[in-house]
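Have a look at the structure below before the remarks.
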Amino acid sequence: MRRIISILLLFISAAQLTACGSVKNTLTENDTVTITAKETVTEMSVITETEAESDNAKNVILVCPDNNATVSLLNEEITNWLNDQNIEKLTEIFDWTEKCTPIPVVFEWNAEDANSFELHISQNEDMSGKTVYRCDEDGMSLDDLYPGTEYFWYVEAQFDEKTVKSDINKFRTLMAPKTVKIDGVSNVRDLGGYVTEEGKHIKYGVVYRGADLTHITDEGIKKAVDVLGIRTELDLRNKYENGVSPLGENIKYVSVSAPYYGYVAWDKYKEALLEEIRVFADPDNYPIYFHCALGRDRTGTLAYILLAVCGVSEEDIYTDYYMSFFSDMGGYTDAANPTERKSQLHALNLAIAPGQLDKPLSEKIAKKLIKLGITEEEIKAIRANLTEE
């Protein structure tokens, strides 16, 4: 992923990441009012000069994002760090603020004297499967777009007597981990987007990781349940009998006293490890939100196992892990600095996928899980639930 970001950043100017750029007139040859020779003889009065000027005044000009722009969904600090993943720099960046929130993509357009607007956006050039947003202003922001994705968009403006459609523009979002905003919750990310060794992708919108839900607000609950569609909360902090999710009684709540890092190899944590992994083998549990207290250690350990068994590269797994240091809850402390945590990740690797350096990580970790008691059918189910072509 770092190589992809490095290449893309060569083509992204600071203005593209932070500003809209120049305005492009959207009136094309097909939009121009034309009169054939026959029309000029018989019905010249049909289109008068005044009417033509009025039509030309009522157009929609897309301003932002620039056509063919590449846009980062993360703040500049994280975007720059992803291009040069020096873990020592994480100690300098951490300042007890929550940076693990998406940066909205700002859409702006010009349509003088229009009464209302519709923003149409799709991942397909023919605009199939589009989403439509209605607004009364000449601009709006969206904060739940997918990284590494090409988007097509246009605007329809409603004037008093007619509706005018703009040209279709496109932009691409920078490939990077997908942060998610849930009000009152720190360190939230969608586990999706990573490429596997088989060329598949981890699905977006099926697994979310983060810190605990203790301080989630009503707005945050609405986002988690109604927008993200969370059906299962997996709490890794402790085993709670008859626990109820803060997201509501209709949410399936599973809790375990989960191991972290090298402790996954300890016999005392075996049953807890098997229980948390098996949550992901059941397709009825999705979408799943899993967490510990900070969303870093026990959560990072489980994320490592899930991504590894699906065939995600170790480099991308580490990138996903280090994102926690940009959050309030999962950030740097003297007792848990990034360099020390890197050694803990190595201990996890040795415990869960030992030896056989010539074997893929996914094969080694699957073999270890089967030895612990996970079945081959459960591993296949986890891969099927988490990945897509």
* Evaluation steps, side-chain contact (heavy atoms from CB on, under 4.5 Å), between Met323 and Asp320 -> CA-CA 6 Å; Met323 286 292 294; Asp320 181 77; 5.7 Å; no
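- Across every non-hydrogen atom of Ile61 and Asn59, the tightest pair is CG1-OD1, 4.0 Å.
- Checked by atom type and distance alone, the side chain of Ser186 pairs as donor or acceptor with a backbone atom of Met329 at under 3.5 Å.
- With respect to the salt-bridge test (charged N to carboxylate O, under 4.0 angstrom), the residues Arg278 and Glu378 qualify.
- In the hydrophobic clustering of this structure, Phe152 does not group with Leu145; members are Ile, Leu, Val, Met, Phe, Trp, Tyr whose side-chain heavy atoms approach within less than 4.5 Å, directly or through other members.
- Using cut-offs of 30° and 60° for the angle between ring planes, the Tyr263 and Tyr260 rings count as perpendicular.
- For the side chain to side chain contact (heavy atoms under 4.5 Å, CB included) criterion with Asn285, the lone passing option out of Val206, Val207, Leu234, Val279 is Val279.
- Between Glu275 and Lys239 there is a salt bridge, since at least one side-chain N of the basic residue sits less than 4.0 Å from a carboxylate O of the acidic one.
- Using modelled atom types, no side-chain atom of Ser343 and backbone atom of Arg341 make a donor-acceptor pair closer than 3.5 Å.
- In this model, no donor atom of one side chain and acceptor atom of the other lie less than 3.5 Å apart for Glu389 and His201.
- In this structure, Trp153 and Phe107 have perpendicular ring planes: the angle between them is above 60°, well past the 30° mark.
- Checking side-chain atoms of Asp66 against main-chain N and O of Ala69 turns up no donor-acceptor pair under 3.5 Å.
- The pair Arg209-Asp190 does not meet the salt-bridge criterion, since no charged nitrogen lies less than 4.0 angstrom from a carboxylate oxygen.
- Clustering ILVMFWY residues whenever any of their side-chain heavy atoms sit less than 4.5 angstrom apart, transitively, puts Val188 in a cluster other than the one holding Tyr253.
- With Arg172 contributing its side chain and Gly148 its backbone, the two residues share a donor-acceptor pair below 3.5 Å.
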Report all side-chain donor-acceptor pairs from residues 218-229 shorter than 3.5 Å, counting only partners two or more places apart or in another chain.
unit_1, atom_1, unit_2, atom_2, d
Lys222, NZ, Asp226, OD2, 3.3
Lys223, NZ, Lys181, O, 2.7

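- With sequence neighbours excluded, no residue satisfies side-chain hydrogen bond (donor to acceptor under 3.5 Å, both in side chains) with Asp284.
- In terms of hydrophobic clustering, with Ile, Leu, Val, Met, Phe, Trp and Tyr side chains grouped at heavy-atom distances under 4.5 Å, Phe290 and Ile365 are assigned to a common cluster.
- A distance of 12.0 Å separates CG of Leu307 from OG of Ser362, quoted to the nearest 0.5 Å.
- The aromatic rings of Tyr146 and Tyr204 lie parallel to each other, their planes meeting at an angle below 30°, with 60° marking the opposite boundary.
- By the 4.0 Å N-to-carboxylate-O rule, Glu118 lies close enough to Arg134 to be salt-bridged with it.
- With sequence neighbours excluded, the residues satisfying side-chain hydrogen bond (donor to acceptor under 3.5 Å, both in side chains) with Tyr154 are His120, Lys130.
- Within a 6.0 Å sphere centred on CD of Glu125, other residues, nucleotides and ligands contribute 12 heavy atoms or fewer.
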